[in-house]
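For the single chain, residues carry numbers from 1 onward in sequence order. It should be emphasised that the depicted structure is a prediction, and the values quoted were computed from it without experimental measurement.
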Amino acid sequence: MSNFEQFQIDFYQSNYTIDDQEEGDNNYGSNKNLCGSRKSQAGEQPPAGAFAPSEMLPSSQNYTGQILQPTYNPSTLSHLSYPDGFDEEPPLLEELGINFKHIWQKTLTVLNPMKPADGSIMNETELTGPMVFCLALGATLLLAGKVHFGYVYGMSAIGCLAMHALLNLMSVSGVSHGCVASVLGYCLLPMVILSSSAVIFSLQGTLGTLLALFIIGWCSLSASKIFTSALAMEGQQLLIAYPCALLYGLFALLTVF
């Protein structure tokens, strides 16, 4: 037994005392309190992606700006503002190239062959009036029992191409397809009067023939006058009136027969 007690004393012999143990317990308690305070602070702070009121955030991380509200800068707004407002924009019909005043002036010029034509207006490529007159011609022929819409548009297209080639050869400045189509279409208005007469009475007689010849001369004279003033082709009106008379003679044949 003496040897065992001696071994036990030698084995547990160390410099550790009770005072050291109390000091270690105190240090462990202070470390535990420090860890607890850190955990409590971490528990009070919300996670990164969660919503938290402003009073729960630390004072050093408070955001003093306004979200989605940019600062007002008059110089920046002046650069970004549009130069023209909606009130200063042109009307929709003007943007589409439809001018009722010019349409009315062209119609009066066609109805009065002796009236001098305004070359600046007649040189426009406006096709609203010609389309209306072509539809009116086809509609009046339909009322007379003649379905000739295809013939009307087909002869109009071929006639415009032929007159465009001829006028480019005769004039110095040249002419566009739209201008030729516009002038020939507006001068189709007297032919609509002839087709309207065919609804009332038959044109297959002496009166109908004379009326058709008068309408052909009216259309060709108006078209040649407009082409002469628009293209500055003085002295060549009769040369232009002859092919125009051939073209409108085809429409007269559709109307009479």
Side-chain angles (χ1 to χ4, degrees), residues 96-100 102-113 117 122 124-168 175-228 230 237-257:
L96 295 176
I98 301 174
N99 192 335
F100 290 104
H102 289 181
I103 293 174
W104 179 246
Q105 290 180 0
K106 292 179 181 179
T107 305
L108 292 179
T109 303
V110 172
L111 292 177
N112 187 7
M122 294 302 170
E124 296 177 353
T125 58
E126 188 266 322
L127 299 177
T128 305
M131 291 296 294
V132 173
F133 295 152
C134 286
L135 288 174
L137 179 60
T140 51
L141 289 175
L142 183 62
L143 292 176
K146 302 172 184 178
V147 185
H148 293 328
F149 283 97
Y151 291 107
V152 170
Y153 287 108
M155 288 191 302
S156 299
I158 296 174
C160 289
L161 293 176
M163 287 298 299
H164 176 265
L166 181 62
L167 291 174
N168 279 328
V175 65
S176 61
H177 291 90
C179 180
V180 174
S182 178
V183 173
L184 293 178
Y186 272 104
C187 294
L188 200 63
L189 178 58
M191 198 61 60
V192 177
I193 300 175
L194 180 64
S195 61
S196 301
S197 302
V199 179
I200 301 173
F201 57 92
S202 177
L203 298 177
Q204 296 181 4
T206 305
L207 180 61
T209 303
L210 293 176
L211 183 59
L213 292 176
F214 174 74
I215 293 297
I216 292 172
W218 187 357
C219 293
S220 60
L221 182 60
S222 298
S224 60
K225 178 192 64 175
I226 294 173
F227 281 129
T228 302
Q237 185 175 357
L238 294 177
L239 296 176
I240 302 173
Y242 176 69
C244 292
L246 294 178
L247 175 62
Y248 291 113
L250 296 176
F251 290 104
L253 290 175
L254 286 178
T255 304
V256 174
F257 303 101

*Identify the two heavy atoms, one from Met131 and one from Leu127, that lie closest to each other, and give their separation to 0.1 Å.*
CG-O, 3.1 Å

*Let me see the working for Val152 and Leu141 under side chain to side chain contact (heavy atoms under 4.5 Å, CB included), right down to the final yes or no.*
CA-CA 10 Å; Val152 170; Leu141 289 175; 4.2 Å; yes

*What's the spacing between Ile158 CD1 and Leu247 CG if we round to 0.5 Å?*
10.0 Å

*Any idea which heavy atoms bring His177 and Leu161 closest together, and the distance?*
CD2-CD2, 4.0 Å

_Within this structure, what is the CD1-OG1 distance for the pair Ile215 and Thr255, rounded to the nearest 0.5 Å?_
9.5 Å

*For the residue pair Thr107 and Leu111, establish whether any side-chain heavy-atom pair is separated by less than 4.5 Å.*
yes

*Passing option when Phe251 is tested against Leu188, Leu194, Val192 for side-chain contact (heavy atoms from CB on, under 4.5 Å)*: Leu188

_For Ser224, give me all partners under side chain to side chain donor-acceptor pair (under 3.5 Å), at least two apart in sequence or on another chain._
Gln237

*asked:* How long is the straight-line distance from CG of Leu142 back to CG of Leu135, given to the nearest 0.5 Å?
replied: 11.5 Å

*To the nearest 0.5 Å, how far apart are CG in Leu253 and NE2 in His148?*
10.5 Å

*ring pair (Phe, Tyr, Trp, His ring centres under 6.0 Å) contacts in which one or both residues fall within residues 182-216, not counting sequence neighbours*: Phe133-Tyr186, Phe214-Trp218

*Could you state the interatomic distance from CG (Leu238) to CG (Leu221), rounded to the nearest 0.5 Å?*
9.0 Å

*Side chains of Ser202 and Gln204, donor plus acceptor under 3.5 Å*: no

*Write down the atom of Ala245, the atom of Ile216, and the distance for their closest heavy-atom approach.*
O-CG2, 3.7 Å

_Could you check whether atom OH of Tyr151 has more than 12 heavy atoms from other residues, nucleotides or ligands sitting under 6.0 Å from it?_
no

*Write down the atom of Tyr248, the atom of Ser220, and the distance for their closest heavy-atom approach.*
CD1-N, 4.0 Å

*Side-chain touch Ile240/Lys225, heavy atoms, less than 4.5 angstrom*: no

_Inter-residue atom distance Thr228.OG1 - Leu167.CG, 0.5 Å rounding_ = 9.0 Å

*What heavy-atom pair brings Lys106 and Ser182 nearest, and what distance separates the two atoms?*
NZ-OG, 3.8 Å

_How close do Val110 and Pro190 get, counting heavy atoms only, and between which atoms?_
CG1-CD, 3.9 Å

*Heavy-atom distance under 4.5 Å between the side chains of Ser156 and Cys134, does that happen here?*
yes

*Verify side chain to side chain contact (heavy atoms under 4.5 Å, CB included) between Lys146 and Leu254, making sure each step is shown before the conclusion.*
CA-CA 9 Å; Lys146 302 172 184 178; Leu254 286 178; over 6 Å; no

*Met163 side chain reached by Cys244 side chain, heavy atoms, under 4.5 Å*: yes

